[in-house]
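Throughout, residue positions are numbered sequentially from 1 according to the sequence presented.
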Amino acid sequence: MAKKVAIIGGGSSGLCAIKACLQEGLEPVCFERTGDIGGLWRFEERPEDGRASIYRSVIINTSKEMMCFSDFPIPEDFPNYMHNSKIMEYFRMYAQHFDLLRHIRFRTSVCRVSKRPDFASSGQWEVVTESEGKQEAAVFDAVLVCSGHHTDAHLPLSSFPGLEKFEGWYLHSRDYKSPQPFLGKQVVVVGIGNSGIDIAVELSHTAKQVFLSTKRGSWVLHRVAESGYPSDFSYISRFTQLLQYLLPPNAINFFMERKLNARFDHTLYGLKPKHR
């Protein structure tokens with residue numbers, strides 16, 4: 001009898017997990033709390049509880065050659081760096097091709113996962129789920145947690161004394177959807193991660209003035225490398241791995257920093273970090 005596997009979440013990892021289980025002759029059941037696949041990559045106008053939330057313009061920062069599932073290449077006519085709608089299109093093609101949707105129970109939340117009393121001998125888990133207000137328990141031989149890690153906003157308000165007197169509007173990038181509400185406003189974007197840079201650039205076309213605030217500098221890598229090839233496609237190779245193994249870190253850092261400063265001098269923009 002095939003072993004039963006519970007998969008929590010129907011995003012990119014959940015879909016892969018279903019497919020991998022089927023390949024191994026296992027019996028997967030995927031629980032997805034929302035009504036659709038895609039997880040992080042499914043854009044919604046309003047952030048949903050317990051699910052990552054993206055803005056309308058999000059484009060992936062990994063090239064399609066690097067991000068595609070190895071057994072299902074992304075179509076040639078898709079762009080190198082895909083908009084979130086294209087990523088969703090790809091996931092739907094993948095799910096249809098491998099017939100994955102029939103293994104997903106939508107609008108079903110996982111409330112609890114616990115070891116069975118005989119776990120030491122059986123290795124089995126009890127999974128309690130809830131759908132339409134009804135709870136149900138089932139026994140599984142394994143559990144795969146594919147629920148993602150961008151679900152909760154980190155908004156350390158205590159780090160901003162005086163915020164209670166601030167007459168403007170503050171929000172987390174999770175609640176940012178488009179630049180229109182910021183038309184003609186002065187905006188500070190705090191943080192120089194991918195979302196921070198993305199949003200600052202997008203707002204700069206709409207807002208009156210945009211400041212990008214960072215605790216320390218950062219090396220800004222570009223999506224496109226020499227000859228217009230995607231950076232990850234160009235630099236993540238066996239050859240560069242060999243160079244990293246053979247060359248001292250100082251030499252690699254010197255080469256990389258020179259390359260990044262050729263686009264724009266990080267010192268000139270107050271971006272040069274202390275770290276190499």
Side-chain angles (χ1 to χ4, degrees), residues 11-13 16 39-41 52 54-55 57-84 86-87 90-91 148-150 154 156 159 173-174 176 179 187-205 207 209-276:
S12 56
S13 301
C16 284
L40 166 75
W41 292 103
I54 55 171
Y55 34 101
S57 62
V58 168
I59 291 172
I60 197 159
N61 57 8
T62 317
S63 68
K64 71 175 182 189
E65 290 83 0
M66 284 293 182
M67 79 152 275
C68 74
F69 300 135
S70 55
D71 50 6
F72 194 73
I74 292 171
E76 282 188 18
D77 60 333
F78 277 37
N80 285 114
Y81 291 103
M82 299 186 291
H83 182 258
N84 58 78
K86 280 291 188 196
I87 295 171
Y90 173 60
F91 286 164
H149 62 125
H150 292 295
H154 176 55
S159 304
S173 60
R174 173 184 170 78
Y176 173 84
V187 186
V188 178
V189 178
V190 180
I192 200 169
N194 297 335
S195 302
I197 291 185
D198 255 4
I199 291 170
V201 170
E202 184 163 85
L203 286 177
S204 69
H205 300 285
Q209 193 172 18
V210 180
F211 296 91
L212 181 58
S213 163
T214 169
K215 218 186 315 189
R216 50 188 174 268
S218 179
W219 295 106
V220 180
L221 280 76
H222 294 259
R223 286 191 177 110
V224 182
E226 289 85 357
S227 311
Y229 285 106
S231 290
D232 55 7
F233 185 70
S234 301
Y235 295 127
I236 302 173
S237 66
R238 286 179 184 149
F239 177 67
T240 54
Q241 289 298 111
L242 179 68
L243 283 182
Q244 281 182 345
Y245 178 71
L246 295 174
L247 295 172
N250 274 350
I252 295 165
N253 283 327
F254 175 78
F255 171 75
M256 281 300 293
E257 287 164 19
R258 203 170 141 185
K259 223 169 187 43
L260 296 175
N261 278 323
R263 291 276 184 135
F264 64 83
D265 185 338
H266 285 58
T267 307
L268 203 63
Y269 285 84
L271 272 177
K272 188 181 176 186
K274 287 195 175 81
H275 62 267
R276 298 301 302 273

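Atom CZ of F264 sits in a crowded spot, with more than 12 heavy atoms from other residues, nucleotides or ligands closer than 6.0 Å. No more than 12 heavy atoms of other residues, nucleotides or ligands lie within 6.0 Å of OH in Y229, so this atom counts as exposed by the packing criterion. The neighbour count for F233 CZ, taken as heavy atoms of other residues, nucleotides or ligands under 6.0 Å away, does not exceed 12. In this structure, H275 places its NE2 atom where more than 12 heavy-atom neighbours from other residues, nucleotides or ligands lie under 6.0 Å away.
The list of salt bridge (charged side-chain N to carboxylate O under 4.0 Å, His left out) pairs with a residue in residues 241-265, not counting sequence neighbours, reads E226-K259, E257-R276.
Distance check: D232 CG to N80 CG gives 9.0 Å after rounding to the nearest 0.5 Å. The structure places CG of N61 at 10.0 Å from CG of L221, a figure rounded to the nearest 0.5 Å. A distance of 7.0 Å separates NE2 in H222 from CG in L260, rounded to the nearest 0.5 Å. Atom CD1 of residue I192 and atom CG of residue L271 lie 4.5 Å apart, to the nearest 0.5 angstrom. From Q209, atom CD reaches atom CG of L203 across 12.5 Å, with rounding to the nearest 0.5 Å. Separating the CD1 atom in I59 from the CD1 atom in I54 is a distance of 11.0 Å, to the nearest 0.5 Å.
Between F91 and F69, the ring planes lie parallel to each other; the angle is under 30°, not in the 30° to 60° tilted range.
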Practice problem: Show your working on side-chain contact (heavy atoms from CB on, under 4.5 Å) between F254 and M256 and close with a plain yes or no. | Solution: CA-CA 6 Å; F254 175 78; M256 281 300 293; over 6 Å; no
Quiz item: Run the side-chain contact (heavy atoms from CB on, under 4.5 Å) check on I74 and M67 step by step: do they pass?
Solution: CA-CA 9 Å; I74 292 171; M67 79 152 275; 4.0 Å; yes
Quiz item: Could you go step by step and tell me if L247 and F255 meet the side-chain contact (heavy atoms from CB on, under 4.5 Å) rule?
Solution: CA-CA 11 Å; L247 295 172; F255 171 75; over 6 Å; no
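Y90 and F78 have their aromatic ring centers separated by at least 6.0 angstrom.
Although no hydrogens or angles enter the test, the distance criterion places a donor-acceptor pair under 3.5 Å between the side chain of H266 and the main chain of V220. At least one donor-acceptor pair under 3.5 Å links the side chain of Y81 to the backbone N or O of R223.
Between the side chains of Y55 and E202, no donor-acceptor pair is found at a separation under 3.5 Å. Side-chain contact of S237 with T240: a donor-acceptor pair under 3.5 Å is present, judged by distance alone.
Of all the heavy atoms in A207 and V187, the pair that sits closest is CB-CG2, 4.0 Å. Summarising the geometry of G196 relative to L212, their closest heavy-atom pair is O-CD1, 4.0 Å, with the distance given to 0.1 Å. What you find for S213 and V188 is that their closest heavy atoms are CB-CG1, 4.1 Å. Taking both residues in full, the closest heavy atoms of T214 and G217 are given as OG1-N, 4.4 Å, listed atom of the first, atom of the second, then distance. Nearest heavy-atom pair, K64 versus P79, reported as atom, atom and distance to 0.1 Å: CD-O, 3.6 Å. Of all the heavy atoms in A225 and S234, the pair that sits closest is CB-OG, 3.8 Å.
Annotation: salt bridge (Lys or Arg N to Asp or Glu O under 4.0 Å) contacts of K86 (sequence neighbours excluded): E89.
Inter-residue side-chain proximity for H205 and P179 is flagged as unmet; no heavy-atom pair is nearer than 4.5 Å. The shortest distance between side-chain heavy atoms of V190 and F211 does not fall below 4.5 Å.
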